[in-house]
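Here the structure is laid out as structure tokens; the discussion comes afterwards.
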2 protein chains.
Amino acid sequence: MTVGRGSEPTDRRGYAVPIDATAGKGAPMVKIVDVAEAAQVSVATVSRALNNSARVDPVLAERVRAAAERLGYRPNAVARNLRRQGTQVWALIITDINNPFYTAVARGVEDFAQESGFSVLLCNTDEDQAKEDRYLEVAAQERVAGVILAPRSDNSDTSILESSGIPLVVVDRHLNRKVDFVTAASFEGAVMATEHLLRQGWQRPACITRPADTATTEQRRMGYEDVVRRHGLPAIVRHVPFHADSGVEAISRLFESDVPPDSLLAVDSMLALGLMTGLQRRNLKIGRDVGLIGFDDATWAPVVEPALSVIAQPAYEMGTEAARLLVKRIRGQGPAEPQTLVMSTTLIVRGSSRRPRGRRGG
Amino acid sequence: MTVGRGSEPTDRRGYAVPIDATAGKGAPMVKIVDVAEAAQVSVATVSRALNNSARVDPVLAERVRAAAERLGYRPNAVARNLRRQGTQVWALIITDINNPFYTAVARGVEDFAQESGFSVLLCNTDEDQAKEDRYLEVAAQERVAGVILAPRSDNSDTSILESSGIPLVVVDRHLNRKVDFVTAASFEGAVMATEHLLRQGWQRPACITRPADTATTEQRRMGYEDVVRRHGLPAIVRHVPFHADSGVEAISRLFESDVPPDSLLAVDSMLALGLMTGLQRRNLKIGRDVGLIGFDDATWAPVVEPALSVIAQPAYEMGTEAARLLVKRIRGQGPAEPQTLVMSTTLIVRGSSRRPRGRRGG
DNA sequence: TTGAAAGCGCTAACAG
DNA sequence: CTGTTAGCGCTTTCAA
């Protein structure tokens with residue numbers, strides 16, 4: 001429970017107060033009537049002056065501002081929100097802020113929100129559908145102005161938002177519903193990555209990907225498969241969970257087979273990290289014994305040894321673009337049709353995908 | 001791209017609705033009176049039943065729940081907050097969620113908040129005092145239930161919170177005011193790091209740190225200086241800003257001097273990354289030509305080459321502990337005196353700080 | 001241009 | 001145990 005409300009503690013008329021009152025809730029908040037009283041005007045005028053909306057006599061306005069300042073008046077956003085029937089808060093629902101990709105997205109969202117006068121609630125779902133549902137419920141109950149969501153799966157249920165009239169922008173992962181959507185060219189990225197591997201001379205690339213109901217990584221898998229098929233090569237695919245050591249485990253299993261792959265495509269940066277660790281433990285030298293390319297240009301990618309080749313996504317910009325779309329929707333300025341924004345991915349070649357000469361014909 | 005199931009928009013009563021209605025605010029929300037009416041009880045009973053607080057006739061309670069379910073009733077948290085004079089939201093004010101240390105802290109805070117029934121507003125200040133002030137103002141106006149703050153500087157002004165009766169827990173960086181505080185043993189960590197460097201045989205360790213008004217990093221600098229002084233060595237200290245390439249620049253300047261350092265202590269992980277980059281560009285081999293140790297055990301630290309030695313801070317736990325303290329304060333269960341929690345740091349030795357034998361007496 | 005007053009949706013006295 | 005009702009603090013008609 002929250003603090004016991006004070007029938008005892010002070011009223012603004014200045015009666016003595018039990019010690020606890022200050023410890024508990026602090027001084028009573030000054031409200032709009034107090035300012036009105038001090039400025040010798042009505043509450044309506046105070047409201048208008050402080051929201052510098054309607055035309056208010058400059059003299060009165062100044063008097064109001066002075067009084068507000070003097071009293072340390074701080075408008076109660078909760079009351080305002082109730083009256084206005086709307087908040088200035090967004091919910092950003094992602095799977096894990098620890099994933100550098102989402103960290104960057106979050107920064108993009110937060111920066112844009114801030115400039116537009118919104119605050120953002122951070123919600124981590126940990127790939128847990130129940131948690132995602134709970135957060136959507138919270139968002140609805142808090143009457144947030146909008147939601148930016150990276151859905152757990154293709155058919156996450158966002159109908160709560162729809163029925164609450166809360167605008168939604170989906171980011172990164174596709175949702176089985178027509179809605180504003182900002183993503184990166186995952187399929188094309190995976191195609192670039194795989195072709196790059198083959199161009200380097202690697203002959204048995206494998207794709208380590210996430211559970212099959214994760215939209216984005218599935219597209220990456222499909223991009224990979226598209227290329228290997230076209231080259232008449234076998235598709236070597238492993239779906240691994242989001243656990244921290246999935247990568248290490250995948251390596252163990254892959255390289256115990258008779259014909260292990262000679263190169264790897266990792267569909268996200270945390271996975272790439274895991275694969276590197278696994279490879280190192282097996283004493284396989286990356287960029288010599290085995291090729292590796294990942295997704296997402298994490299800060300550490302250039303510094304590992306060998307430096308990690310990646311398909312980079314414009315994560316920060318994806319955040320700002322999602323936010324921009326959301327602002328439009330909130331203002332009712334968006335086009336009737338939901339928009340889809342596919343941002344391009346870039347191949348960044350570094351050491352990890354290189355293949356030494358003279359080792360052809362494995 | 002996107003799959004659509006474009007059914008005609010309808011309102012809850014099933015009537016076709018003009019396009020704008022859905023675009024605008026959606027169907028009108030069902031409120032407590034609607035549920036009361038449907039369940040044939042008073043609003044008070046609905047409220048009681050749904051908050052399963054007071055004793056309500058099980059039969060009525062069930063009828064209420066059924067009605068609420070059927071109508072898709074979603075309590076309006078804004079109204080509730082106004083009435084209850086309190087929210088279920090915290091503000092987490094940090095300098096940059098991109099810093100892996102703060103990412104982990106944020107996860108800790110968010111997890112604990114979630115379990116305790118709170119949501120958290122994410123606020124990045126970018127080491128900008130004005131931004132920090134603005135966020136404190138927002139927190140006050142939103143009447144958040146509590147704030148967790150990593151202050152920009154020692155004398156950040158948090159009086160707004162005090163005068164609003166909003167509990168505050170400071171995390172990581174010291175604040176010039178008596179208040180609940182969760183931090184790590186930075187000084188001791190720096191001592192461990194520096195002594196380790198010396199024990200390895202390095203003879204001229206330098207400390208690359210942040211601006212002098214950053215409390216935590218100053219303690220690290222002092223820990224470093226304490227050790228070098230005791231060993232009769234010169235203190236080589238560089239204060240660098242929070243920019244992305246501070247590390248690279250620092251290396252340039254340091255290694256142009258006549259007697260450059262032979263080893264480096266970096267006070268945070270982003271800085272360590274920068275230093276590694278700078279060192280690589282200068283063709284200095286880490287763990288051979290120069291020793292390096294950082295702060296914070298980022299996910300990538302074991303994977304870089306050579307693997308990065310670090311002083312690890314229990315970032316996630318610092319987040320959960322800060323949250324735990326905050327919950328206590330909110331519930332009024334905290335001790336009268338503000339608490340300080342200093343969590344211990346750990347030396348993790350990996351390759352970067354090693355010094356090859358036979359190179360003594362540089 | 002200003003003020004009086006009606007709520008926003010909910011909870012918690014208070015009475016029954 | 002249940003219902004009636006008075007606000008929480010603010011914005012915004014509606015009149016003056």
Side-chain angles (χ1 to χ4, degrees), chain A residues 1-9 11-12 25 28-64 68 71-88 140-143 145 164-165, chain B residues 25 28-64 67-68 71-88 140-143 145 164-165:
Chain A
M1 277 295 111
T2 10
V3 188
R5 51 154 270 318
S7 44
E8 231 6 90
D11 40 27
R12 240 164 311 100
K25 279 256 73 174
M29 297 258 60
V30 13
K31 35 199 188 186
I32 204 168
V33 292
D34 303 321
V35 179
E37 200 172 329
Q40 309 270 49
V41 295
S42 73
V43 292
T45 302
V46 174
S47 174
R48 287 192 275 250
L50 261 30
N51 294 306
N52 45 336
S53 54
R55 283 84 53 113
V56 182
D57 184 323
V59 180
L60 288 192
E62 187 41 42
R63 224 158 73 200
V64 168
L71 299 183
Y73 171 66
R74 224 165 300 285
N76 184 328
V78 178
R80 172 195 292 149
N81 290 342
L82 177 58
R83 176 58 230 236
R84 288 205 181 144
Q85 296 282 74
T87 65
Q88 296 284 98
Q141 295 198 9
E142 293 286 343
R143 304 296 195 262
S164 307
Chain B
K25 275 259 75 174
M29 298 257 58
V30 13
K31 35 200 186 184
I32 206 170
V33 293
D34 302 322
V35 179
E37 197 173 332
Q40 308 271 47
V41 295
S42 73
V43 292
T45 301
V46 175
S47 174
R48 287 192 277 252
L50 262 28
N51 295 306
N52 45 336
S53 53
R55 285 81 56 110
V56 182
D57 184 324
V59 180
L60 288 193
E62 185 44 40
R63 224 160 69 201
V64 168
L71 299 184
Y73 171 66
R74 223 165 302 283
N76 184 328
V78 177
R80 173 196 290 147
N81 290 342
L82 177 58
R83 177 59 231 235
R84 288 203 181 147
Q85 296 282 74
T87 65
Q88 296 284 100
Q141 296 199 7
E142 294 286 343
R143 302 299 195 263
S164 308

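Atoms considered below: every heavy atom in the structure, side chains included; atoms not considered: hydrogens, waters and symmetry mates. In what follows, every chain begins at residue 1, and chains take the letters A, B, ... in the order their sequences are listed.
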Check your understanding: What does B/V78 touch in the nucleic acid at a heavy-atom separation under 4.0 angstrom: a base, only the sugar-phosphate, or nothing?
Key -> nothing
Review point. Ignoring hydrogens and geometry, is there a side-chain-to-backbone donor-acceptor pair from B/T87 to B/N81 under 3.5 Å?
Key: no
Review point. Rounded to the nearest Å, what distance is computed from the CZ atom of residue A/R55 to the P atom of nucleotide C/dT2?
Key: 11 Å
**Study point:** Distance in angstrom units between B/L50 CG and C/dG9 C1', rounded
**Key:** 13 Å
Review point. Is there side-chain contact between A/R74 and B/R143, with at least one heavy-atom pair below 4.5 Å?
Key: yes
Review point. Roughly how many Å is it from CD in B/E37 to P in C/dG9, rounded to a whole number?
Key: 15 Å
Exercise for review: Take atom CD of B/Q85 and atom C1' of D/dA6, then tell me their distance rounded to the nearest Å.
Suggested key: 14 Å
Check your understanding: Over how many whole Å does the gap from A/Q40 atom CD to C/dG3 atom P extend?
Key -> 10 Å
Review point. At what distance, to the nearest 0.5 angstrom, does CG of B/D34 lie from CE of B/M29?
Key: 10.0 Å
**Study point:** Which residues share a side chain to side chain contact (heavy atoms under 4.5 Å, CB included) with A/R63, sequence neighbours left out
**Key:** A/Q40, A/V41, A/L60
Check your understanding: With the sugar-phosphate defined as primed atoms, P, OP1 and OP2, and the base as all remaining atoms, what B/S/- string results for nucleotides 10-16 of chain D, 5' to 3', for protein heavy atoms under 4.0 Å?
Key -> BBBB---
Practice item. Round to the nearest Å and state the distance from A/L82 atom CG to D/dG7 atom C1'. Key: 12 Å
Check your understanding: Which heavy atom of A/N51 sits nearest a heavy atom of A/R80, and at what distance?
Key -> OD1-NH2, 4.0 Å
Exercise for review: Mark yes when over 12 heavy atoms from residues, nucleotides or ligands other than B/E62 sit less than 6.0 Å from its CD; otherwise mark no.
Suggested key: yes
